[in-house]
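Every chain is numbered from 1, with letters handed out A, B, ... down the list of sequences.
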Amino acid sequence: MVDRAAKIDSMIRTDGLTKRYRRRVALREISLEIPAGGVTALVGPNGAGKSTLLKLCVGFERPTAGRLEVNGIDPVRHRSRAVASIGFVPQTPALYRDLTIADHVDLAGAIRPRFDAAHARSRLAALGLPADARIGTLSGGEQAQVCLAIALGTRAPLLLLDEPLANLDPLARRDFLRIAREAARAGDTTIVLSSHVISEIEDTADRLLVLGEGRVLFEDTVVHSIDGHRVVDVETGLDGAALVGRFPGRGEDLHWLVRRAGTEVGRAATLEEVVLGYLAASRTASLAGVATGSA
Amino acid sequence: MIRLPAVLRPNRVEITGTLVLAVAALVIGGGVAASSVIGPLLAGFPARCLGAETFDPAACEAFRPRIETYQNALSNVAPAAAGMTVALPIIGAVVLGLALLARELEQQTTLFAWSLAPSRTRWLLGRLAPELVLVAAICLVAGVLTDAIKFLGNPIDPWRSFDGIGMRGPAVAGIGVLAMGVTVFVGSLLGRQLPALLLALALTLAASLLVSAVSDTWLDQESMVGPTEQLDPGARQLAGLLQTADGEVIGWEEAYTRYGSVIYEGDPAQLGLTQVVKFVPGDRYPFAVLRLTGMLALVGLLGMALSLLVVQRRRPWA
């Protein structure tokens, strides 16, 4: 168990959290802490457990085992209080196609106590989205922006953005991330952004949390993640460095992600390469486990 | 144009549709009901000859052929009109019931609503309560109209007759609440519109029949036995029975066992038997129909209460 002071510093805290869907295990006894403030990128391949973790936080799912706290609140026992401290943006904008943007803001104001409609409207106005536009006439990117604006209007201390970039074009992604970044830097909002588009979130995220096959593979600040690793492009250049994993490059070539420990080998890593290195290591370990029958 | 409260706007189409159905029911039912005023004028007989309170056999006898012509015409139209007047608001209740949860879950708009609403109960009640009132009010009006249609040209007080009980009067509001409650509950479980619609229709029918059967059993226990002459025009006749000389009331089968086939061939009076009827007098109708309405509505409210429990535990997608 953790002390009370530490609890306040953690926006999301899990302890042995497990979620199982019949035979498939989405999260395996994960224990993590996402500190308050900034943007935490939750990255990993499809099926890594990112969405499951966020859905557990907002009370859409119930854990199979373990503990979960959101802003110090157990979302299973006190879902109302947990939801009241969360703004949520789903992967696919779940809006009413026949209603206008203004209707959605009004609806949010009607069902969410202390909803800051003016804040949401100002965000939408800044994007040039007309309040009387029907959702069905908006692009996917615009719908995602509406979801984000309404989530920001909740003034919740925690925003959970569940792969909101997946269906957006590159320009819409940039817009979306810019607004999220501004919101995080403007005040007391913690943003957890799940994505598998790593290159896009490098400039937005402050922290990185890599999930793979239901486990936490790596977590650190983005700065430390990049500074703490090197990429070696030729196997002979490893020179005894602590290998994390071998991952494919953009072409036929292979790269090796190593931990930076005193000696300088290879070149500086990008955030995407750090993530790829850990995912590749996880996959290799998993395949080895299957091969030896110990999965 | 009337602007709905924000929480009701997601169901704007269904609410509008229900109101359109209600207007259609009002036009059909109201039109036929108004024929009690217009019809006599056109057919050329006094309107008081159709009224329960104003019917005067002596004064109306002269108009009998015209009244019969009018009543024949009415008998061709009234059943269909009454049926539509009842059915249209109940269709509206089902449509609204589907939109409340099945459609939300199918289209995953519950992701939006439930991530914003700290209380799912309050979210559902905020929409369910006004729509329930709307359905009950519309069905009640439809029930009043069907009361009027049912007894057009018939000098019987609708509130003192068991004729058509369950398909007219306040019971229509009970059926509307039941249909809506069952649909909301099934929708909360299935989260798909078409399967929810089909199952809800089947369950609504089954629940209505079950409640009706319970009501009939209750009425049976409250019935009385008396000579045929004691039957008032609105009484509900449950069975024809026989009374022995020593006052014992027996059924025809029992009489056959005791007296053989002669019971069917001759006059039972020759055997000392008096023909009597088991019936519920017409003045018991208000109590019976309100009890039936209450039971129907209770099942509907139970469905709604269960759906409140379901939304507490279920995922916001189908």
Side-chain angles (χ1 to χ4, degrees), chain A residues 21 51-52 54-62 73 75-76 78-100 102-115 117 120 134-136 143 146-147 150-151 153-154 156 158-162, chain B residues 1-18 20 95-96 98-131 188 191-193 308-318:
Chain A
Y21 296 101
S51 284
T52 301
L54 299 187
K55 285 169 184 167
L56 285 164
C57 289
V58 79
F60 289 169
E61 298 278 10
R62 285 167 175 257
I73 303 159
V76 176
H78 306 289
R79 188 176 59 209
S80 297
R81 283 172 55 206
V83 169
S85 65
I86 292 172
F88 180 72
V89 176
Q91 181 175 351
T92 307
L95 301 170
Y96 299 92
R97 295 184 60 81
D98 294 335
L99 296 192
T100 64
D103 286 333
H104 279 82
V105 175
D106 291 348
L107 180 58
I111 62 178
R112 177 73 167 220
R114 294 179 294 284
F115 181 76
R134 286 193 188 281
I135 294 300
Q143 289 184 34
V146 172
C147 286
I150 289 173
T154 62
L158 174 63
L159 289 190
L160 302 177
L161 315 181
D162 185 8
Chain B
M1 186 167 170
I2 298 167
R3 193 162 168 78
L4 286 170
V7 289
L8 296 179
R9 275 179 233 161
N11 299 144
R12 183 165 48 198
V13 173
E14 291 78 12
I15 291 172
T16 307
T18 301
V20 168
V95 167
L96 280 177
L98 272 183
L100 276 167
L101 278 171
R103 198 194 61 186
E104 293 263 359
L105 289 162
E106 186 171 282
Q107 298 182 353
Q108 299 193 6
T109 42
T110 35
L111 279 170
F112 174 80
W114 292 2
S115 68
L116 284 168
S119 167
R120 293 182 189 178
T121 303
R122 201 171 300 162
W123 167 79
L124 183 54
L125 279 178
R127 302 155 67 232
L128 181 59
E131 293 180 18
S188 74
R192 297 265 182 211
Q193 291 187 86
L308 285 170
L309 292 178
V310 172
V311 298
Q312 286 303 318
R313 296 194 61 86
R314 73 157 296 143
R315 296 172 178 144
W317 51 83

For [X] versus [Y], what's the shortest heavy-atom pair and its separation?
X: A/D103; Y: B/R9; value: OD1-NH1, 2.8 Å
X: A/A108; Y: B/L116; value: CB-CD1, 3.8 Å
X: B/F112; Y: A/A94; value: CB-O, 3.0 Å
X: B/S115; Y: A/V83; value: O-CG1, 3.4 Å
X: B/T109; Y: A/L95; value: CG2-O, 3.5 Å
X: B/P10; Y: A/L107; value: CG-CD2, 3.9 Å

Polar side-chain atom of A/R79 near backbone of B/Q312 as donor-acceptor pair, under 3.5 Å: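 Yes, A/R79 side chain to B/Q312 backbone: donor-acceptor pair under 3.5 Å.
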
Chain A contact via B/R120 - side chain, backbone, both or neither, heavy atoms under 4.5 Å: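 The side chain, not the backbone.
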
Contacting moiety of B/W123, where chain A heavy atoms sit under 4.5 Å: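 Only the side chain of B/W123 comes within 4.5 Å of chain A.
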
Intermediate values then yes/no, side-chain contact (heavy atoms from CB on, under 4.5 Å), A/K55 and B/W317: CA-CA 12 Å; A/K55 285 169 184 167; B/W317 51 83; 3.5 Å; yes

Proximity breakdown for A/I86 and chain B, heavy-atom pairs closer than 4.5 Å: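 Backbone of A/I86 only, per the 4.5 Å heavy-atom cut-off to chain B.
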
Proximal component of A/R81, with respect to chain B [non-hydrogen, under 4.5 Å]: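 Interface part for A/R81: neither.
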
CZ-CG distance between B/R3 and A/D106, expressed to the nearest 0.5 angstrom: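 It is 6.0 Å, given to the nearest 0.5 Å.
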
Greater than 12 external heavy atoms within 6.0 Å of A/R97's CZ: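 For A/R97, atom CZ is not crowded (no more than 12 foreign heavy atoms under 6.0 Å).
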
